[in-house]
Each structure stands twice: as C-alpha cells, then as structure tokens.
Q: 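Sharing a structure below in structure tokens format, with a few things to ask.
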Amino acid sequence: MVRYFSEALVKEALPMRDAIGAVEAVFRELGEGGATNRPRQRVRIPGRMLHTLSAGSAALGWCGLKTYCTGRDGATFVLLLFDQATGGLAAIMEADALGRIRTGAATGVAADHLAAPAAETVGIVGCGYQAETQLEALAAVRPLRRVDAYCRSGARRRAFAEKMAERLQVPVAPAASAEAAVRNRDIVVAVTTARTPVVRGAWLAEGAFVAAAGGNALSRRELDRRAVRHARRIVVDDLPQARIECGDLAALGSGFDWSAVETLGDVVAGGRGFEEAGSALFESQGIAAEDIAAASVVYRRARREAALLPIGSG
C-alpha cells in the first residue's frame with residue numbers, strides 16, 4: 001500500500017539529529033560510489049517553474065525524486081519514494097519541511113567535518129525558515145556560545161533572534177548589518193535568495209567555516225569573489241549540480257579551477273576533515289540524495305510508530 005505523509009507528520013518524524021546522521025551516511029555512500037544523484041532539472045511555463053531532482057541509495061534500499069512547482073504565489077513540494085526491492089511506489093510525502101531540514105542537516109554535516117572543533121560563534125545572514133534549520137543543525141554539531149543574525153527587516157531579525165534563542169538555548173542577537181553579524185565569527189552562514197553578494201571576504205576571520213546555502217541558480221550570489229578566494233578548500237554537495245547552479249563559483253569565470261573542488265561525499269568518505277588554520281567553504285545547492293536520506297528516516301520512524309496515513313486520509 002502506498003503511504004501518504006503530511007507536512008505535520010514529516011516534521012514530527014524527522015528530528016534534526018536523525019536527519020544529520022542520515023544525510024552524513026548518504027554522503028559517505030556517494031563518496032564510496034554506492035549511491036547515485038542526478039542534478040535538478042527545471043521546466044518553465046508562463047508564471048510557473050517545475051523543478052525535479054532524483055537519486056537512489058543501495059544502502060537505504062530506496063530511489064526517488066522530489067519535485068516542486070514555484071510561482072509568485074509560493075511553492076508546492078512533493079517527494080515520491082520507491083522501494084528498490086519491488087520497484088513499487090512506497091510513499092508520497094509533502095516535502096517543504098523535509099527540504100528545509102535536510103538542507104540544514106547538510107550544513108551540519110559539512111560543519112562537523114570542516115569547521116574547527118572548538119567553533120562556538122556563528123554569524124548568519126538570512127532570517128527565514130531555512131535559516132532556522134541551519135542554526136538548529138549547527139547547534140547539534142558544535143558547542144555554540146553566540147549567534148548573530150541579520151536580515152533587512154529589523155522586526156523580522158528581532159523575532160528570529162528571540163525564537164531561535166528560545167529553541168536552541170543559545171544567545172542569539174539581531175545584528176545591525178551583515179558585516180556586524182559575520183565579522184570574525186568562527187562559522188558564517190548565508191541563506192538568502194540574494195542576486196548580489198551579502199557576505200564579503202574582508203569580514204571573514206582566518207580559519208572561518210563558511211556555508212552558502214541559499215543560492216541554487218547561476219543568477220544568485222551570496223559571496224563576493226574575495227569571500228570565495230578566502231577558502232583554502234571549497235566543497236560542494238554535488239559537482240555536476242554545482243557547475244550548473246552555483247553562482248558564487250561561476251562568478252569567478254573561466255579562470256576558476258573546478259578540479260580543485262571537493263564534494264562533501266569525498267570529505268566524509270575520505271575522512272579528511274578540519275585542517276588547522278585552514279578555512280573551508282561549503283556551497284550547498286541541495287541535492288536529491290539528501291531528500292531520499294531524510295525521507296528514509298521519516299518512513300522508518302512513522303512505520304515503527306504505526307503512524308502512517310493511507311492516501312486520501314487525514
């Protein structure tokens with residue numbers, strides 16, 4: 001029987017620590033060659049865009065795809081999960097929350113491998129739902145002492161700081177500017193839809209770990225060239241997808257050496273993590289393998305707790 005998962009059920013069944021573990025495992029599998037990921041494809045029609053990305057994991061026993069339709073009035077996200085053994089459709093999941101959680105989890109995995117073990121201060125630019133899961137994941141992998149957050153709306157950044165301080169039990173302060181939020185922080189996160197850089201290399205501390213998690217189109221940029229050049233190591237979630245979506249790297253032009261770019265799968269599988277006095281950049285486009293890994297957690301937990309809903313119910 002095909003099972004249906006509402007947004008509420010997905011959120012309940014996907015705690016961040018479990019999402020981080022699953023996403024790390026699938027990146028290890030990608031690095032070892034046991035999983036397959038395909039970059040996002042987009043179909044444009046007047047007023048709408050359909051996005052589809054797919055992956056499969058032999059270790060998890062699942063393959064599937066996430067698809068979503070966007071327009072000026074918002075977006076609708078759906079994930080289809082297929083059983084490797086039977087080829088049958090096992091689940092349909094509403095996937096907005098799942099996408100936010102797995103994106104945060106990917107940054108958590110990258111930070112756990114690439115940020116200094118004692119990293120405790122975070123500067124974040126962006127105060128939306130995606131920013132919430134970014135901080136939640138970072139708090140799961142590092143002993144955070146302080147977070148500074150900036151977005152253009154003063155009311156929104158104050159509300160975000162209050163909400164996240166209560167959730168994480170970590171001091172979170174609204175910053176007066178992007179520079180004030182990220183200057184000399186151990187960890188810097190950009191999670192925006194910006195088309196021009198919001199984080200500048202001149203603000204970054206030596207050895208800082210930077211995660212650019214908002215840009216998944218060549219027209220978007222969150223970091224200036226100096227911020228990208230600041231990194232001694234550049235890591236992406238998927239190289240083919242980064243080549244067609246990562247505006248921060250594409251902005252460096254034909255002189256950029258793609259052969260020096262690592263994937264997070266290579267980092268996790270190879271065990272080459274944080275290097276003393278070395279700064280690292282994680283460019284996150286968001287990939288289907290992360291979705292399948294997160295969906296597997298939801299399916300297992302809900303099945304174990306007998307909480308699955310047949311299609312059409314609830």
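Scope of the values below: all heavy atoms of this structure, side chains included, with no hydrogens, waters or symmetry mates.
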Q: Do you reckon Val199 sits in the same ILVMFWY cluster as Ile124, going by side-chain contacts under 4.5 Å, direct or chained?
A: no
Q: Can you establish whether the number of heavy atoms outside Arg167 located under 6.0 Å from its atom CZ is more than 12?
A: yes
Q: Taking the side chain as C-beta and beyond, is there a heavy-atom pair between Val297 and Arg300 under 4.5 Å?
A: yes
Q: Let me know which of Ile187, Val170, Asp186 forms a side chain to side chain contact (heavy atoms under 4.5 Å, CB included) with Glu120.
A: Asp186
Q: For the backbone of Glu7 and the side chain of Glu94, can you confirm whether one donor and one acceptor N or O come within less than 3.5 Å of each other?
A: yes
Q: Are side-chain heavy atoms of Leu135 and Phe160 found at a separation under 4.5 Å?
A: yes
Q: Flag the pair Val188 / Arg185 as yes when at least one side-chain heavy-atom distance between them is below 4.5 Å, and no otherwise.
A: yes
Q: Consider side chain to side chain contact (heavy atoms under 4.5 Å, CB included). Of Asp224, Leu223, Val228, which one does Arg226 pass it with?
A: Asp224
Q: Say you draw a straight line from CD of Glu12 to OG of Ser6; how long is it, rounded to the nearest 0.5 Å?
A: 9.0 Å
Q: Have a look at Gln130 and tell me which of Val189, Thr103, Thr193 forms a side chain to side chain contact (heavy atoms under 4.5 Å, CB included) with it.
A: Thr103
Q: Salt bridge or not for Lys163 and Glu132, using N-O below 4.0 Å?
A: yes
Q: Under 3.5 Å, side chain of Arg225 to main-chain N/O of Ala251, donor-acceptor pair present?
A: yes
Q: Applying the 4.5 Å side-chain criterion to the ILVMFWY set and letting contacts propagate, would Val122 and Val198 be lumped into a single cluster?
A: no
Q: Return the SG to CD distance between Cys246 and Gln285, rounded to the nearest 0.5 Å.
A: 4.5 Å
Q: Quick one: closest heavy-atom pair of Trp62 and Leu81, and the distance?
A: CE3-CG, 3.6 Å
Q: More than 12 heavy atoms of other residues, nucleotides or ligands under 6.0 Å from CD of Glu162: yes or no?
A: no
Q: With the threshold set at 4.0 Å, does a side-chain nitrogen-carboxylate oxygen contact exist between Glu206 and Arg232?
A: yes
Q: Would you say the side-chain atoms of Glu222 and Thr192 include a donor-acceptor pair closer than 3.5 Å?
A: yes
Q: Taking the side chain as every heavy atom from C-beta outward, state whether Pro39 and Asp238 have any atom pair closer than 4.5 Å.
A: yes
Q: Just verifying a value: how many Å separate Arg183 CZ and Asp148 CG, rounded to the nearest 0.5 Å?
A: 13.0 Å
Q: Where do Phe256 and Ile234 come nearest, in terms of heavy atoms and distance?
A: CE1-CD1, 3.9 Å
Q: Test Phe82 against Leu80 for side chain to side chain contact (heavy atoms under 4.5 Å, CB included), laying out the working first.
A: CA-CA 7 Å; Phe82 293 87; Leu80 305 180; 3.9 Å; yes
Q: Which distance, rounded to the nearest 0.5 Å, do you find between the CZ of Arg146 and the CG of Leu144?
A: 12.5 Å
Q: Side-chain heavy atoms nearer than 4.5 Å, only ILVMFWY residues, links allowed to pass through others: does that put Val78 and Leu89 together?
A: yes
Q: How are the rings of Tyr68 and Phe77 set relative to one another: parallel (under 30°), tilted (30 to 60°) or perpendicular (over 60°)?
A: parallel
Q: Would you say that Val147 contacts Met164 through its side chain, given a criterion of any heavy-atom pair below 4.5 Å between the two side chains?
A: no
Q: Side-chain contact test, heavy atoms from C-beta onward, threshold under 4.5 Å: evaluate it for Leu252 versus Trp258 and give yes or no.
A: no
Q: Flag yes if more than 12 heavy atoms outside Glu179 fall under 6.0 Å of its CD atom; otherwise flag no.
A: yes
Q: For the backbone of Lys66 and the side chain of Asp291, can you confirm whether one donor and one acceptor N or O come within less than 3.5 Å of each other?
A: no
Q: To the nearest 0.5 Å, tell me how far Ser177 OG sits from Tyr150 OH.
A: 7.0 Å
Q: Can you check side chain to side chain contact (heavy atoms under 4.5 Å, CB included) on Phe282 and Val236, steps first, answer last?
A: CA-CA 6 Å; Phe282 176 51; Val236 299; 5.8 Å; no
Q: Looking at Ala140 and Ile20, what are the two nearest heavy atoms and their distance?
A: CB-CD1, 3.8 Å
Q: Where the side chain of Arg157 meets the backbone of Ala175, is there a donor-acceptor pair that is under 3.5 Å apart?
A: yes
Q: Salt bridge or not between Arg220 and Asp248? Use side-chain N to carboxylate O under 4.0 Å.
A: no
Q: If you measure from OG1 on Thr263 to CD on Glu283, what distance do you get to the nearest 0.5 Å?
A: 14.0 Å
Q: Strictly distance-based, threshold 3.5 Å: is any side-chain N or O of Gln134 a donor or acceptor partner for the main-chain N or O of Thr107?
A: no
Q: Mark yes or no for whether Arg102, through its side chain, and Ala19, through its backbone, hold a donor-acceptor pair below 3.5 Å.
A: no
Q: Keeping the roles fixed (side chain from Asp83, backbone from Gly88), state whether a donor-acceptor pair exists under 3.5 Å.
A: no
Q: Looking at every non-hydrogen atom in both residues, tell me the closest pair between Ala115 and Arg142 and how far apart they are.
A: O-NH2, 2.9 Å
Q: Take Gln241 and Ile287, measure what side chain to side chain contact (heavy atoms under 4.5 Å, CB included) needs, and give me the verdict at the end.
A: CA-CA 8 Å; Gln241 190 159 317; Ile287 64 174; 3.8 Å; yes
Q: So with a 6.0 Å cut-off around CZ of Arg38, is the heavy-atom count from everything else above 12?
A: no
Q: With a 4.0 Å cut-off on N to O distance, would you call Arg48 and Asp73 a salt bridge?
A: yes
Q: Is a side-chain donor-acceptor pair under 3.5 Å present for Arg42 with His51?
A: yes
Q: Is it the case that the side chain of Arg221 and the backbone of Leu249 share a donor-acceptor pair, with hydrogens and angles ignored and the cut-off at 3.5 Å?
A: no
Q: Going only through I, L, V, M, F, W and Y residues with side-chain contacts under 4.5 Å, is there a path from Val261 to Leu30?
A: no
Q: Heavy atoms only: give me the nearest Val23-Ala105 pair and the separation to one decimal.
A: CG2-CB, 3.9 Å
Q: With a 4.5 Å limit on heavy-atom distance, are the side chains of Arg40 and Asn216 in contact?
A: yes
Q: Give the intermediate values and the outcome of side chain to side chain contact (heavy atoms under 4.5 Å, CB included) for residues Asp266 and Leu264.
A: CA-CA 5 Å; Asp266 293 336; Leu264 189 52; over 6 Å; no
Q: Same cluster for Ile292 and Tyr299 if Ile/Leu/Val/Met/Phe/Trp/Tyr side chains link at under 4.5 Å?
A: yes
Q: Establish, from distance only, whether the side-chain atoms of Glu24 and His113 form a donor-acceptor pair under 3.5 Å.
A: yes
Q: Kindly indicate whether the side chain of Gln41, heavy atoms from C-beta on, has any atom under 4.5 Å from the side chain of Leu53.
A: no
Q: Backbone N or O of Ala58 within a donor-acceptor pair of the Glu29 side chain at under 3.5 Å?
A: yes
Q: Closest approach of Phe27 and Ala106, non-hydrogen atoms and distance?
A: CE1-CB, 4.4 Å
Q: Is a side-chain N or O of Asn37 found less than 3.5 angstrom from the main chain of Ala55, in a donor-acceptor match?
A: no
